[in-house]
Amino acid sequence: EFNGPWGISITPEGKVYVADTNNSRIQVFNSDWTVSHVIDGNVAGNGSFDSPFGVAFDMSGDVHVTAYNSNSVTVFTPSGQFVRKYDQTHLKCPIGIAIDSAGYSLVVNHNSHSLSIY
């Protein structure tokens, strides 16, 4: 069950990734709307995140998740394995994310009223 769903993104294969903000997770659905898996932000370690808002995919298919309360962007494999976090120096409550064809990530920061490019 969702609790404050926010961002949504769809892979070329038809999987749907939904940022379930108040549950601090990404719910992943197959193209027939059955649950595929969940990327849980409540895990210990580097893969944790709080209040995800945005979801985007890079050219290799990795999932980039903006997390408002943890001031982070976390990258996961499509199956949910932690890859890395962005440098958090300029992230101030990131909400939106897009990745362009050159591989640059554009992140909108709510509290600093800014756009960060990685």
Side-chain angles (χ1 to χ4, degrees):
E1 183 175 309
F2 290 123
N3 185 3
W6 198 266
I8 186 170
S9 196
I10 303 170
T11 68
E13 300 78 32
K15 285 203 184 246
V16 179
Y17 286 67
V18 179
D20 189 2
T21 303
N22 295 331
N23 284 324
S24 288
R25 64 185 179 188
I26 304 298
Q27 290 199 51
V28 184
F29 298 89
N30 297 309
S31 59
D32 65 359
W33 297 106
T34 57
V35 174
S36 170
H37 61 282
V38 171
I39 301 173
D40 189 354
N42 294 311
V43 298
N46 290 332
S48 67
F49 57 85
D50 184 17
S51 299
F53 269 67
V55 181
F57 303 100
D58 62 26
M59 300 302 275
S60 66
D62 285 341
V63 185
H64 299 239
V65 177
T66 62
Y68 186 87
N69 286 343
S70 54
N71 293 313
S72 65
V73 179
T74 309
V75 182
F76 299 92
T77 65
S79 65
Q81 298 298 312
F82 172 75
V83 175
R84 65 182 175 91
K85 282 195 184 278
Y86 285 32
D87 174 13
Q88 295 176 257
T89 305
H90 301 288
L91 295 173
K92 304 293 185 230
C93 299
I95 54 174
I97 185 167
I99 300 175
D100 70 14
S101 60
Y104 289 101
S105 297
L106 293 84
V107 180
V108 177
N109 295 287
H110 180 264
N111 281 6
S112 63
H113 309 281
S114 65
L115 173 70
S116 297
I117 302 172
Y118 294 88

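Remember, predicted model here, so these are calculated numbers, not experimental data.
Counting heavy atoms from C-beta on, the side chains of F29 and I10 never come closer than 4.5 Å. A 4.5 Å side-chain heavy-atom check between N30 and K15 finds at least one atom pair inside the cut-off. Contact annotation: the side chain of V55 never approaches that of I8 to less than 4.5 Å [non-hydrogen atoms, C-beta and beyond]. Inter-residue side-chain proximity for I39 and Y17 is flagged as met; some heavy-atom pair is nearer than 4.5 Å. The shortest distance between side-chain heavy atoms of D62 and F76 does not fall below 4.5 Å.
No continuous path of ILVMFWY side-chain contacts below 4.5 Å connects Y68 to I97, so the two sit in separate hydrophobic clusters. Grouping the Ile, Leu, Val, Met, Phe, Trp and Tyr side chains by contacts below 4.5 angstrom, directly or via other members, places V28 apart from V18. No continuous path of ILVMFWY side-chain contacts below 4.5 Å connects M59 to V83, so the two sit in separate hydrophobic clusters.
The two atoms that bring K85 and S72 nearest to each other are NZ-OG, 3.8 Å, heavy atoms only. Shown here for S9 and A56, the closest heavy-atom pair between the two residues is OG-CA, 4.4 Å. Of all heavy-atom pairs spanning G61 and P78, the tightest one is O-CG, 3.2 Å. The nearest pair of heavy atoms linking P52 to I26 is CB-CD1, 3.9 Å.
Distance check: R25 CZ to D50 CG gives 14.0 Å after rounding to the nearest 0.5 Å. Atoms CZ and CG, on F2 and N22 in that order, are 12.5 Å from each other to the nearest 0.5 Å. For the atom pair SG of C93 and CG of N71, the computed distance is 4.5 Å after rounding to the nearest 0.5 Å. A distance of 9.5 Å separates OG of S116 from CG of L106, quoted to the nearest 0.5 Å. Between atom CG of residue L91 and atom OG of residue S70 there is a gap of 9.5 Å, rounded to the nearest 0.5 Å. I99 CD1 to F57 CZ: the interatomic distance, rounded to the nearest 0.5 Å, is 9.0 Å.
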Task: Audit row: V43, F82, side-chain contact (heavy atoms from CB on, under 4.5 Å) steps and yes/no - done: CA-CA 10 Å; V43 298; F82 172 75; over 6 Å; no
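A donor-acceptor pair under 3.5 Å is absent between the side-chain atoms of D87 and the main chain of Y118, judged by distance alone. Using a distance-only test at 3.5 Å, with no hydrogens or angles considered, a donor-acceptor pair links the side chain of S24 to the main chain of S51.
Q27 and D20 share a donor-acceptor pair across their side chains, judged by distance under 3.5 Å alone. With no hydrogens or angles considered, a side-chain donor-acceptor pair links D58 and H64 at under 3.5 Å.
The neighbour count for Y104 OH, taken as heavy atoms of other residues, nucleotides or ligands under 6.0 Å away, does not exceed 12. No more than 12 heavy atoms of other residues, nucleotides or ligands sit less than 6.0 Å from atom NE2 of H110.
Relative orientation of the W6 and F53 rings is tilted, given thresholds of 30° and 60° on the angle between their planes.
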